[in-house]
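Structure, as structure tokens:
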Protein chains: 2
Amino acid sequence: MHVRRPATLASLAAELGVSRTTVSNAYNRPDQLSPELRRRVLETARRLGYPGPDPVARSLRTRKAGAVGLLLTENLSYAFRDPAALGFLEGLALACEDAGQGLHLVPVNPEREDVAAVHRAGVDGFVVYSVPDDDPHLAAVLSRPVPTVVADQPIVDGVDRVGIDDRGAITALAQRLIALGHRRVGVVCMRLARDRNDGFAPVERQHAAHFHVQRARLAGIADAFTIAGVEWSRVPVVERFDHSTASGASAAAQLLDSDPQVTALVCTSDILALGALAEAKRRGLRVPQDLTITGFDGIPDGERIGLTTVRQPVLEKGKAAGKLLLGTVDPTRPREITLETELVTGATAAPPRTAEERWFGP
Amino acid sequence: MHVRRPATLASLAAELGVSRTTVSNAYNRPDQLSPELRRRVLETARRLGYPGPDPVARSLRTRKAGAVGLLLTENLSYAFRDPAALGFLEGLALACEDAGQGLHLVPVNPEREDVAAVHRAGVDGFVVYSVPDDDPHLAAVLSRPVPTVVADQPIVDGVDRVGIDDRGAITALAQRLIALGHRRVGVVCMRLARDRNDGFAPVERQHAAHFHVQRARLAGIADAFTIAGVEWSRVPVVERFDHSTASGASAAAQLLDSDPQVTALVCTSDILALGALAEAKRRGLRVPQDLTITGFDGIPDGERIGLTTVRQPVLEKGKAAGKLLLGTVDPTRPREITLETELVTGATAAPPRTAEERWFGP
DNA sequence: TGGACTGACCGTAACGGTTCAGAACCACTA
DNA sequence: TAGTGGTTCTGAACCGTTACGGTCAGTCCA
């Protein structure tokens, strides 16, 4: 039996005795040929099992892939489990859908540094979400001659960006704590670099952080407390590599063990804060009477329990990233979008326990 | 100023005075040329800003796109909102990551029937997740000459499939309710077809359902209750188009309004069940003392509150779909995978309220 | 009757690679 | 010296399509 090679535009044209152009037009520009001929073309296509123009060949010719690449260096499951990331993804997906563009998740194995996947992705542009500034995949993306938008981090010169004022937002939150009387606090943050450091993060490490968002949030907290007369280098900052409630809990434990006098735990994400809350509960500490705990992001689980935090519009961020990339945004505007955040006064922050601590500091 | 066209393999070869083959080999088969020449090639590439072989052109030549397409008829963002879909997506993404394949989410606008996106996707295969069997996008996917795997639904002859025994699983759950004494129940299900029908679904509509999973689950409930002597056609089944807790709540309301004697609400998804729980609470009905409510899926939010349900391994399902498509599965086995489910005895099911109802039926 | 216009279709040249079968060269062996 | 084998590089075909600038016959109108 003869194994027929799959039909192509050319073979279809030959069968019909017309030019390839005409067959192409039958699919792409119906107005360029008579309805009758078009009908014949389509019918013959069906008969020969021709599935229509090959998308890859078309992409090559038109220089359009019809898809947006998404790079997240984290473990994929991180993106699917973190509510903030999820909101971003949803927003991005909506923007893509509006524009009829596919969303191509670039496979990144965080173990080996396999940059090839970035080069293999046939996409019209990239959205880079929350990767460290020294990530080799990021470099690979930037080397590709397609437009790129960075969300949150890192900040790259000349590359469009969408984000929030992390520093200012958390400064406002910290000022609120200061106004309540907190002077002796501990900080829980996400990982600051690609290497694992589950423990205290000295000031040098904070400054050298490859994750801009974390760096900015720490700086924002430092801003407020420094002005309030607290020496930042003496404020304990605990870092965790994995972003999970378990991490938040163990970090809180580490802080409370090292300094039981701490009156507030400032966490750089809601997930971490939820973990810290669990640890406080485990220790029989009442929140906020015995301990103040704050987060960052404004995720649903946090809202449900009244977490004091900063709410950021994650869905809008994803949408904005998509629109920026797909050019739905006014091209005369500076190509950097900073979205508004909102301080959420929850039920997990209150004045510190004792009057001494409140008035005279630790 | 001269606008230089972007460098290509050919221009690079010309610059170096070597053949295109050699440049190609420098990237793809380093062993085919001397290290010295390779170094020169790569260096010149850097100097000229050549980003490496164009992925689309390569795909055309090699007939490999390096990506898997995912079709879900719902909005793309649905995948990021529905916990079960999300789990599937995560599993699929993991499988793709393992295989170094990208995951291309096909944008589908459920409003207009824009099948073009399916034809435009440059992928090596498709995973179809939970679409109605008369979906035009499905037809478009099947017309493409690439391997396809269907997850959950629909069942298509000759197409690989991964799923669970929906019918059997929910039969077991229903039997549990029957054992508890429930005879007068209401059912809340997801949409049965592409047309909107927010209301009661008569038996004919149930049988004609284009969503196999829903059809199977209804049939499974019917199996159990029929054997128990309950006439299925008199069991009220309420359908909701949108899959949300709001839908679950309004459907529960509709059922309870139409028959306040109902002792249990069987929902075909946890999301719907969570909504039903909210509605019960709103009405001051205690669950399970006054009303039994069950779900299906085993999502985290349900687990947290102790929902009685059927847990299905959504992550594994996604992984299995990926592996099936990417050929990591023993090719001699039948290409249909049915995963195990587990009946979850939660705290939302109990015997019906009154002794009369329990022993003598409604 | 001739010129402009229109509709329908076609030929050619890319698009940017990969691949395979050699060619050229060299060192080594018999 | 001729043959052998290995390394390194090349030439040409091919992947399937669309963009561009035509051609050609027919129609309309003055």
Side-chain angles (χ1 to χ4, degrees), chain A residues 4-42 44-45 48-66 116 119-124 144-146, chain B residues 4-42 44-45 48-66 116 119-124 144-146:
Chain A
R4 193 176 47 198
R5 299 192 55 190
T8 71
L9 203 107
S11 65
L12 196 58
E15 173 85 15
L16 281 157
V18 301
S19 76
R20 300 205 302 274
T21 304
T22 300
V23 178
S24 175
N25 283 336
Y27 285 95
N28 304 316
R29 303 182 184 169
D31 57 312
Q32 294 292 306
L33 36 61
S34 64
E36 159 59 14
L37 179 55
R38 180 168 134 92
R39 200 194 50 68
R40 265 181 59 217
V41 171
L42 263 35
T44 308
L48 264 51
Y50 176 65
D54 180 280
V56 176
R58 166 186 282 158
S59 287
L60 174 59
R61 185 64 243 240
T62 61
R63 321 279 324 138
K64 296 237 154 303
H119 286 121
R120 235 190 307 265
V123 297
D124 298 326
R144 298 240 343 226
V146 295
Chain B
R4 193 177 45 199
R5 299 193 56 191
T8 71
L9 201 104
S11 66
L12 195 56
E15 173 85 15
L16 281 157
V18 302
S19 75
R20 303 208 307 278
T21 303
T22 299
V23 178
S24 175
N25 283 336
Y27 285 94
N28 304 316
R29 303 182 187 175
D31 58 312
Q32 294 293 306
L33 37 61
S34 64
E36 159 59 13
L37 178 55
R38 180 169 134 92
R39 199 193 53 67
R40 265 179 60 216
V41 171
L42 264 34
T44 309
L48 264 50
Y50 176 66
D54 180 278
V56 176
R58 165 184 284 159
S59 288
L60 174 60
R61 184 62 242 240
T62 61
R63 320 283 321 143
K64 295 237 155 302
H119 289 294
R120 235 191 307 265
V123 297
D124 298 326
R144 298 246 335 232
V146 294

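Because the structure is a prediction, the values reported are computed rather than measured. Each chain gets a letter, A, B and so on, in the order its sequence line appears, and its residues count up from 1. Values below: all heavy atoms of this structure, side chains included; hydrogens, waters and symmetry mates excluded.
- In this entry the distance linking NE2 of B:His119 with P of D:dG16 reads 18 Å, nearest Å.
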Would you check, one step at a time, whether the test side chain to side chain donor-acceptor pair (under 3.5 Å) holds for A:Thr21 with A:Ser24?
CA-CA 5 Å; A:Thr21 304; A:Ser24 175; over 6 Å; no

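- Using a 4.0 Å cut-off, some side-chain N or O of A:Arg58 falls inside it from OP1 or OP2 of D:dT18.
- Residues B:Leu37 and B:Thr22 have side chains in contact (heavy-atom distance under 4.5 Å, counting atoms from C-beta outward).
- Among the heavy atoms of the strands, none lies under 4.0 Å from A:Gly122.
- Two residues are said to be in side-chain contact when any heavy atoms from C-beta on lie closer than 4.5 Å; A:Arg144 and B:Pro55 meet this criterion.
- Two residues are said to be in side-chain contact when any heavy atoms from C-beta on lie closer than 4.5 Å; A:Arg58 and A:Asn28 meet this criterion.
- Heavy atoms only, all atoms of each residue included: A:His119 and B:Pro51 are closest at CD2-O, 3.7 Å.
- Among all heavy-atom pairs drawn from A:Ala26 and A:Leu42, the shortest one is CB-CD1, 4.3 Å.
- Side-chain N/O atoms of B:Arg20 and base N/O atoms of D:dT10 include no donor-acceptor pair closer than 3.5 Å.
- The interatomic distance linking A:Asp54 (CG) with D:dC14 (C1') rounds to 14 Å, in whole Å.
- By the 4.5 Å heavy-atom criterion applied to side chains, A:Leu12 and A:Thr44 are counted as neighbours.
- Rounded to a whole Å, the CG atom of A:Leu37 is 12 Å from the C1' atom of C:dC10.
- The nucleotide whose nearest atom lies closest to any side-chain atom of A:Thr22 is, among C:dC10, D:dT10, D:dT18, C:dC10.
- Regarding A:Leu60, its CG atom lies at a distance of 9 Å from the P atom of C:dC15, rounded to whole Å.
- For residues 8-19 of chain B, proximity to DNA chain C is found at B:Thr8, B:Leu9, defined as any non-hydrogen atom under 4.0 angstrom from a strand atom.
- Rounded to whole Å, the distance from CZ on A:Arg120 to P on C:dG17 is 15 Å.
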Walk along nucleotides 21-27 of chain D from 5' to 3' and tag each nucleotide B, S or - by protein heavy-atom contact under 4.0 Å, base first, then sugar-phosphate.
-------

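- Side chain of B:Ser59 to main chain of B:Lys64: a donor-acceptor pair is present (N/O by atom type, distance under 3.5 Å, no hydrogens or angles).
- The nucleotide whose nearest atom lies closest to any side-chain atom of B:Thr62 is, among C:dT19, D:dT17, C:dG17, C:dT19.
- When every heavy atom of A:Tyr50 is checked against every heavy atom of A:Ala7, the shortest pair comes out as CD1-O, 3.3 Å.
- Contact of A:Arg61 with D:dT18 (side chain to base): a donor-acceptor pair of N or O atoms is detected under 3.5 Å.
- Looking at A:Asp124, its side chain does come within 3.5 Å of a backbone N or O of A:Ala65 through a donor-acceptor pair.
- For residues 27-36 of chain A, proximity to DNA chain D is found at A:Asn28, A:Arg29, defined as any non-hydrogen atom under 4.0 angstrom from a strand atom.
- Where B:Ala57 and A:Ser24 each meet DNA chain D at their nearest nucleotide, the meeting point lying more 5' is that of B:Ala57.
- The distance between atom CZ of B:Arg40 and atom P of D:dT8, rounded to the nearest whole Å, is 15 Å.
- A straight line from CZ of A:Arg63 to C1' of C:dG17 spans 11 Å, rounded to a whole angstrom.
- At a threshold of 4.5 Å between non-hydrogen side-chain atoms, the residues B:Pro6 and A:Pro145 do not count as touching.
- Whole-Å rounding puts the B:Arg38 CZ to D:dT8 C1' distance at 15 Å.
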Criterion side-chain contact (heavy atoms from CB on, under 4.5 Å) on B:Asp54 and A:Arg63, from CA distance to verdict
CA-CA 11 Å; B:Asp54 180 278; A:Arg63 321 279 324 138; 3.6 Å; yes

